[in-house]
Amino acid sequence: MKISRGFAFVSALAMCCTSSVVVAADNPGKLRAEMAKVERQYIDLYNKVNTNPEFAIICRMDKPTGTSFAVRVCQPKYLIAANARSAAEQIQFAVAAGNATGGANANGPNVGAGFGGGAAANSAADKDEAFKQNMLDLLQKSPELQALGKKSNDLQARLAEATKGKGER
C-alpha cells in the first residue's frame, strides 16, 4: 500500500470548492504555512465529527528514504494498521523462507511473495471505499468542514498562481 494514500483521500475531499482567503500578497511561503494550518484544522475537525474510530486520521512526521527532511504524513487508522500487519507478515514470510532454505541463498528469500491480491486486496478496496464514503457523509453534514475545504482549495489555487513560471507547483 502506498504511504500517502490516506492523505490523498483527505486532500481530494477537502479541496471540493473555492472561496476567498487573504494571505499577505500571495507570498508562496505564507500561502504554504496557511495551507498547513488549514489542513490541521480540517483534520482536527474531521476527527471530532467522525464517529468511526477506524477512520480517524492520524498525522506524524516521517523522513522519506534518501532525505533528512521530515514531511507530514496523514493516514486513517485502518490504513496504518493494515500497513503494520503487511510489514509483519512480510517479515514472517522472509524468516520462514530463510528457514526453509537452510540459510541464505544467492538470491535471498522472496520477500513479499504471495501478497497483493485475492481477498486481502478486495478487503482493502472495500475499506478504502467505506472511508471515502464516510468522509463525503461528514463533509455533507458539516458546514465547517465545507468551509475549510473551500479555504484550502482557494489557497492551493493562489499558490499555483503565485508560483506560476517559477519552477514550482
Asks: Looking at side-chain heavy atoms only, is the closest gap between C59 and I43 below 4.5 Å?
Replies: yes

Asks: What heavy-atom pair brings V49 and L138 nearest, and what distance separates the two atoms?
Replies: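 Looking at all heavy atoms of both residues, the closest pair is O-CD2, 3.6 Å.
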
Asks: Applying a strict under-4.5 Å side-chain criterion to I, L, V, M, F, W and Y, I'd like to know whether F131 and L45 cluster together.
Replies: yes

Asks: Parallel, tilted or perpendicular: which one describes the rings of F55 and Y78, with boundaries at 30° and 60°?
Replies: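 Taking Y78 first and then F55, their aromatic rings stand perpendicular (interplane angle over 60°).
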
Asks: Quick check for you: to the nearest 0.5 Å, what is the distance between K151 atom NZ and K37 atom NZ?
Replies: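 If I round to the nearest 0.5 Å, the distance is 5.5 Å.
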
Asks: Between C74 and E39, which heavy-atom pair has the shortest distance, and what is it?
Replies: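 Closest approach of C74 to E39, heavy atoms only: SG-OE2, 3.8 Å.
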
Asks: Provide the closest heavy-atom pair for A162 versus L31 in the form atom of the first, atom of the second, distance.
Replies: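 Closest heavy-atom pair between A162 and L31: CB-CD1, 4.1 Å.
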
Asks: Within this structure, what is the CD-NZ distance for the pair E54 and K127, rounded to the nearest 0.5 Å?
Replies: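 So the CD of E54 and the NZ of K127 are separated by 3.0 Å.
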
Asks: Between Q75 and I57 (side chain of the first, backbone of the second, donor and acceptor by atom type, cut-off under 3.5 Å), is there such a pair?
Replies: no

Asks: Which heavy atom of Y46 sits nearest to which heavy atom of L145, and what is that distance?
Replies: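 So the minimum-distance heavy-atom pair works out to N-CD2, 3.8 Å.
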
Asks: Could you tell me whether a side-chain N or O of D62 sits under 3.5 Å from a main-chain N or O of P64, the two making a donor and an acceptor?
Replies: no

Asks: Indicate the atoms forming the closest heavy-atom contact of P53 with K77, along with that distance.
Replies: O-CD, 3.3 Å

Asks: As an exercise, state the distance from CG of L139 to CG of N134, rounded to the nearest 0.5 Å.
Replies: 11.0 Å

Asks: For the OG atom of S142 and the CG atom of N50, what is their distance to the nearest 0.5 Å?
Replies: 11.5 Å

Asks: Strictly distance-based, threshold 3.5 Å: is any side-chain N or O of T163 a donor or acceptor partner for the main-chain N or O of L159?
Replies: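 Answer holds: yes.
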
Asks: Restricting to non-hydrogen atoms, name the atom on L155 and the atom on E34 that form the minimum distance, rounded to 0.1 Å.
Replies: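 Minimum heavy-atom separation between L155 and E34: CD1-CG, 3.5 Å.
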
